[in-house]
Every structure is written in structure tokens, then in C-alpha cells.
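Structure record follows, encoded as C-alpha cells.
Please read all numbers here as calculations on a predicted model, not as lab measurements.
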Amino acid sequence: MFPRHRFQGWACRALGLICLVSLLAMGNAAFAGQTENSEPDQDSPMRFVVVRSNAPGCEPTCPEWISAEGAISAKSPALLKAALKTLGRRKLPIVVNSPGGDVDAAIAMGRMIRKNKLDIAVGRTWFVGCEPGVKNCKENDARGSHYIGNPYVLGSYCASACPMMLAGGTRRLVGPLAYLGVHQITTTVVQMNVQYEVRYRVVKGKKRVISKKVVSRKNAGSYKTYEMSKKVERKLATYFKEMGVDLSVVETMKSTPASDIQQIDLSDMLTMKLVTSEDAADLLTNASLCTLEPLASNCREIPANKPAGGQPAVAKAAPPVKPQNAQPDDGMRFVVVRGSNPLCNPDCPEWIAAQGAITPQTPQKLSQLLATLGNRRLPVVISSRGGDLFGALAAGRIIHENKLDVAVARTDFVGCDPAEWNCLAEDGAYAGLSVDGDGDCDSACALMLAGGARRLVGSQARLSLYLMGQKQTVRAYLDEMAISPALFTALQDSSVERRLEPDMMLKVGLTTGRQSVDALTGSSICKSAPKPENCRVVASSNAQAEAPAKL
């Protein structure tokens with residue numbers, strides 16, 4: 001997967017004389033995503049596809065970008081070159097999401113990006129219709145672009161060798177909600193016995209080679225070093241200097257063990273000139289770019305997509321109508337819930353019910369709901385069997401940044417379930433009850449819980465966790481959330497999901513108390529002093545409030 005730097009050995013044969021020489025060959029420079037005993041990286045090789053924005057109202061002129069997602073391999077530069085060739089003179093920004101990989105390939109792509117004067121940002125793409133890797137998909141054929149989607153930043157990451165690719169951009173963007181990290185380089189040295197056959201003749205006392213060919217190659221074992229060699233350090237320093245990036249990024253890499261990963265803060269990225277501004281990927285992909293004069297270079301008009309009448313279609317308010325052939329959303333749903341116990345009226349607790357599988361869209365859904373609440377801070381009552389690791393990490397960071405409390409419990413809705421097409425919120429919230437029993441929080445869900453200011457798991461609730469690959473990333477996240485390293489140590493040797501006992505959760509700091517969800521949502525908490533922030537008085541049963549959008 002990684003480039004191989006060969007140190008040539010030789011053997012000779014003349015008049016029946018054969019000389020065999022042991023050779024130390026192949027120094028593989030690559031970022032260590034794992035130590036020798038770690039699980040192999042499960043990310044697929046990086047692929048490149050051109051994506052057209054699905055933003056409402058942008059047609060017939062919408063922004064486009066190159067989505068680059070996956071691990072960087074030796075083949076990645078050729079794939080990027082092929083993608084750029086299909087664009088001719090068009091210059092599209094690159095939206096990258098990668099755990100890293102091949103160092104030389106990342107540097108080659110960085111130079112290619114700089115040569116073509118392309119912008120690059122850390123982000124992911126949510127595809128609509130056809131997705132990369134799906135063969136014979138014709139769902140988007142009538143729209144003039146094979147891949148259509150929406151960019152998003154929450155949960156995106158650029159680690160290990162990926163920042164080298166990022167460094168090549170004319171504009172380089174990460175933003176406050178994406179993750180960028182670096183660490184030491186691992187060099188794998190492969191020992192090999194190589195036997196050559198060399199024919200020569202002696203002319204005036206000197207040997208003159210007539211022919212030389214390899215007779216055999218035998219692998220004699222290998223070993224790894226986790227220290228950056230002077231040669232590799234000079235290569236990185238030369239590259240970053242060429243890209244206008246401060247060499248302090250190399251020092252950060254050298255000071256971070258290969259078994260760990262160092263997240264770089266946005267302010268430090270600016271100081272290092274690794275990014276060019278505090279902006280995120282939407283600076284390069286927002287539909288508003290195609291309303292400017294002149295248009296951004298990545299805007300493309302498709303006349304056939306022009307709405308009837310020449311004007312963008314405007315949605316009009318209408319009463320709820322049951323959708324035809326609606327597809328269920330299996331991802332985590334966030335809705336505001338108000339305690340339905342009549343004893344608490346008119347001052348009742350409210351919370352955010354978070355239920356369902358964690359997906360890459362989970363952080364964005366949570367962020368959107370929090371935006372509708374303004375300055376109100378409601379606790380999160382979560383029940384989930386887990387799901388996407390990076391979605392969970394990003395959602396946990398949002399919870400942490402907003403200083404929200406989290407409890408594991410199930411929310412039972414009263415009257416109707418928000419999943420029903422005609423179930424509407426009243427007074428800004430759905431009616432419901434929080435119940436410890438049957439409240440599950442497994443695998444990635446436990447990482448969301450770790451972001452809470454207060455983290456509660458009652459005696460009837462269930463929490464379990466196992467390391468789902470990307471061990472270094474998980475360990476760095478738990479450290480960021482001030483969870484004891486003892487939790488990571490206890491889980492490291494387990495390949496199966498492990499239910500965590502209350503004493504252990506308290507000891508390592510994964511929970512902050514033994515209370516149940518009632519400490520955050522019980523009907524009597526609004527009568528205590530001081531009154532919790534999630535209590536709200538509803539003046540009368542006829543009071544109406546605009547319901548927050550169901551996500």
C-alpha cells in the first residue's frame with residue numbers, strides 16, 4: 001500500500017563463483033494508524049467523485065465539488081489525476097474526509113492540488129440518489145449529474161497523512177466542527193535476501209560486467225521503527241515549506257507517539273498556516289456562491305434543470321398530507337419532549353429525546369435542533385444501540401460544547417409518536433414520559449454519553465461499549481472528555497461488547513452519579529430551588545407555540 005524505497009544489494013557470479021549478500025530493503029514511510037497489535041484499518045481506499053449540490057432552489061446553476069473520502073493509498077494520486085482530467089479547465093474545490101495512509105501519495109496529491117490551484121476543505125458528502133460504488137445507478141440521469149448531494153462538516157476528519165494533502169490547497173479550510181490530527185511516522189523495514197547472477201570478464205586486471213540478473217528474492221522478516229528518521233524529517237520540512245506551512249507542524253508530529261494522535265486546535269492551525277481562515281467547507285460549496293456576480297468557478301448551469309416558469313419553485317404552507325411511498329428514517333431522531341405528568345402543570349420539565357441508530361447525519365440533526373432552542377439548555381435522554389463511530393464522536397463534542405446533561409433512558413410518547421406523519425407538537429414540544437427500563441446505550445452511544453456535563457445511567461438502564469477500531473481516535477476523545485484512561489485499558493483486550501457495571505462507570509468517570517433519568521426529567525424537579533433550567537411554564541392549555549422541526 002505504501003511506497004517502497006529500495007536499497008539495492010548485489011551478488012556476483014563469475015567462472016562458477018557465486019557471492020550471496022543479505023540485503024536490508026524497503027523502508028516504508030507511512031503514518032501509524034495502529035501499533036503492531038492493533039486492528040487493521042477498515043477504511044476503504046480513497047475515491048474521488050464530482051458532486052453537484054442538492055440545495056433547494058439552486059437549479060439551474062448549482063455549485064459542484066470533488067468528494068474525496070477514504071484511506072490514502074499509493075493509487076490515490078493517479079485516481080485524483082484522472083478525476084481532474086475529466087474536468088478539463090474547470091477548477092472544483094475538494095472536500096476531503098480521510099484517516100490518512102500513504103505519506104508519499106499524500107504529498108504527491110498535495111503538490112497536484114497546488115499546481116492546479118485548487119481549494120480544499122475537510123468535510124463529508126451526503127449523497128442523494130446514486131452513491132459511489134453502486135453500479136448501473138440511473139436515478140440521477142435526468143438531473144445532468146451522476147452524483148448529487150449535500151456537504152456537511154460535523155463528524156468529518158483529516159488525520160495522519162491527510163493534513164499533507166490538505167496543505168496543498170490554495171485555500172485550506174477545516175472549521176471548528178471538523179477534526180484534524182497528526183502523529184509520528186512508522187517505518188517498516190523488510191529484510192530480504194536477494195541473489196544476483198553477474199557475469200564479467202577480466203580486462204587488463206579489471207573486472208568488466210557483461211550481464212546482471214536477479215536469481216531469487218526471499219523475505220527474511222521485517223521490523224518497525226516509530227521514530228522519524230532525519231531523511232523523512234527533511235522530506236516533510238521541504239514539502240511544508242514549499243506549501244507555505246510553518247514547520248511547527250513537523251515538531252507536533254515528532255512529539256506525538258505513533259500509538260497516539262494529537263488533535264490540532266483551529267487557532268493553532270491558523271498559527272501554523274495549515275489553514276487559511278476559520279471558515280468551514282460551506283465557504284466553498286454553499287449554493288449562494290452561484291447567486292454572486294461573477295459566479296464562483298465551481299458553479300455550473302444545466303439549462304434542462306430550470307424550473308417551469310423560469311422561477312424557482314416556492315413551497316407553500318399546506319395541511320399535513322400523508323406522503324406516498326414514504327421511506328422510514330432509521331437514523332437517530334431528536335425531538336423536544338415535555339413531561340406529561342399532570343402533577344407538574346403548568347411548570348413541567350422538558351428534554352431532548354434522542355432515539356435510534358447513530359448515523360453520519362446525527363450530529364447535523366442535533367445541531368439543527370439546538371439552533372431552534374436559542375439559549376435554552378435541555379438535557380438529552382438517549383436510547384440507542386449505537387452506529388457510526390465518527391457521528392457519535394461529533395455529536396458527543398456538540399453535547400460537550402453546549403454543556404448539556406445526558407441520561408440513558410427511553411422516552412415513551414403520550415398521544416402520538418413523532419414518527420407518525422400526522423403527529424404534531426403542541427406548545428413547542430411532544431408529550432411524553434422518560435423511563436429507565438429498556439433504556440439501552442450501546443457501543444457508539446456510550447461515546448455520545450461521554451460528552452455530557454452530567455452523565456446518568458440508572459439501575460434499570462443498560463450501557464455497554466467495545467472498541468470499534470480507530471482505537472487511537474477513541475482514546476484521544478475519551479481523554480478530551482476527561483474520562484479516565486482506565487476505561488480504555490479495560491476495553492482494549494476485549495473484542496466483544498461489554499456491559500459496564502455502575503461501580504466501574506463511576507470509577508473511570510464515564511458517569512457522574514448513580515441517579516436515574518428522573519434527576520433530570522422527574523415531575524417534581526420544577527418545584528425545587530434553584531429551579532432547573534429545563535423547566536418551562538405553559539400559561540394555559542390553549543397556548544400555542546411553533547413546534548421545532550422534527551429531524
Residue pair T512, R455: steps toward the side-chain contact (heavy atoms from CB on, under 4.5 Å) verdict: CA-CA 5 Å; T512 56; R455 305 178 291 276; 3.6 Å; yes

Check: T362 and F334 side chains under 4.5 Å, non-hydrogen atoms: yes

Atom pair OG1/CZ of T86 and F48 - distance to nearest 0.5 Å: 12.0 Å

M332/M448 under side-chain contact (heavy atoms from CB on, under 4.5 Å): CA gap, chis, key distance, verdict: CA-CA 12 Å; M332 180 169 280; M448 277 187 66; 4.1 Å; yes

Gap separating the CG atom of L274 from the CG atom of L180, nearest 0.5 angstrom: 5.5 Å

Under 3.5 Å: donor-acceptor pair, side chain of N97, backbone of Y157: yes

Side chain to side chain, R300 and S145, heavy atoms closer than 4.5 Å: yes

Minimum side-chain heavy-atom gap L449-V457 below 4.5 Å: yes

Value rounded to 0.5 Å, distance of CD in Q263 from OG1 in T473: 10.0 Å

side-chain contact (heavy atoms from CB on, under 4.5 Å) evaluation trace for S67 with V49: CA-CA 5 Å; S67 170; V49 295; 4.0 Å; yes

Side chains of I120 and I113 in contact at under 4.5 Å (non-hydrogen atoms): yes

Shortest non-hydrogen contact between L463 and A446, atoms and distance: CD2-CB, 4.1 Å

Identify every side-chain donor-acceptor pair in residues 88-96 under 3.5 Å, counting partners at least two apart or on other chains, and give the distances.
from, atom 1, to, atom 2, distance (Å)
R90, NH1, E64, OE1, 2.9
R90, NH2, E64, OE1, 3.3
K91, NZ, N116, O, 2.9

SG proximity flag C58/C290, limit 2.5 angstrom: no

Side chain D265, main chain S267, donor-acceptor under 3.5 Å: no

E59 with R52: basic N within carboxylate O range, under 4.0 Å: yes

Side chain to side chain, S98 and C158, heavy atoms closer than 4.5 Å: no

Donor-acceptor under 3.5 Å (S76 side chain, I72 main chain): no

Under 3.5 Å: donor-acceptor pair, side chain of D479, backbone of R475: no

Donor-acceptor under 3.5 Å (S367 side chain, Q364 main chain): no

Test item: N140 side-chain N/O and H146 main-chain N/O as donor-acceptor pair under 3.5 Å: yes

Shortest non-hydrogen separation from S443 to G386 and the atoms involved: OG-CA, 3.5 Å

Check: S156 side chain, Y152 main-chain N or O, donor-acceptor pair, under 3.5 Å: no

Min side-chain heavy-atom separation L289-L295 under 4.5 Å: no

Those residues that, when tested against P56, pass side-chain contact (heavy atoms from CB on, under 4.5 Å) (two or more places apart): none

T125 side chain to W65 side chain, donor-acceptor N/O pair below 3.5 angstrom: yes

Steps toward side-chain contact (heavy atoms from CB on, under 4.5 Å) verdict (K235, D104): CA-CA 10 Å; K235 176 193 292 187; D104 285 349; 2.8 Å; yes

Closest contact, heavy atoms only, T359 versus G331: CG2-CA, 3.8 Å

Nearest non-hydrogen partners of L166 and L173, listed with the distance: CD1-O, 4.1 Å

Of M165, K81, M164, the residue whose pairing with M109 passes side-chain contact (heavy atoms from CB on, under 4.5 Å): M165

Approximate separation, where rounding is to 0.5 Å, of M46 CE and K75 NZ: 15.0 Å

Spatial distance of atom OG1 (T61) from atom CD1 (I302) [nearest 0.5 Å]: 9.0 Å

Flag for S277-R172: side-chain donor and acceptor within less than 3.5 Å: no

Side-chain donor/acceptor of N193 to backbone N/O of K218, under 3.5 Å: no

Nearest-0.5 Å distance that lies between atom SG in C62 and atom CD1 in I148: 8.5 Å

E242/R111 ion pair, N-O < 4.0 Å: yes

Heavy-atom check, side chain of L283 versus side chain of D119, under 4.5 Å: no

Expected output: side-chain R385 to main-chain A357 donor-acceptor under 3.5 Å: no

Non-hydrogen side-chain atoms of V51 and F127 separated by less than 4.5 Å: yes

Qualifying residues under side-chain contact (heavy atoms from CB on, under 4.5 Å), relative to D388, sequence neighbours excluded: R124, P360, F390

S248 and D246: side chain donor to acceptor below 3.5 Å: yes

Which atom of P132 lies closest to which atom of Y147, heavy atoms considered: N-CE2, 3.5 Å

Shortest non-hydrogen contact between L266 and G175, atoms and distance: CD2-C, 4.0 Å

N54 and R143 side chains, donor-acceptor separation under 3.5 Å: yes

Salt bridge R462-D442, side-chain N to carboxylate O under 4.0 Å: yes

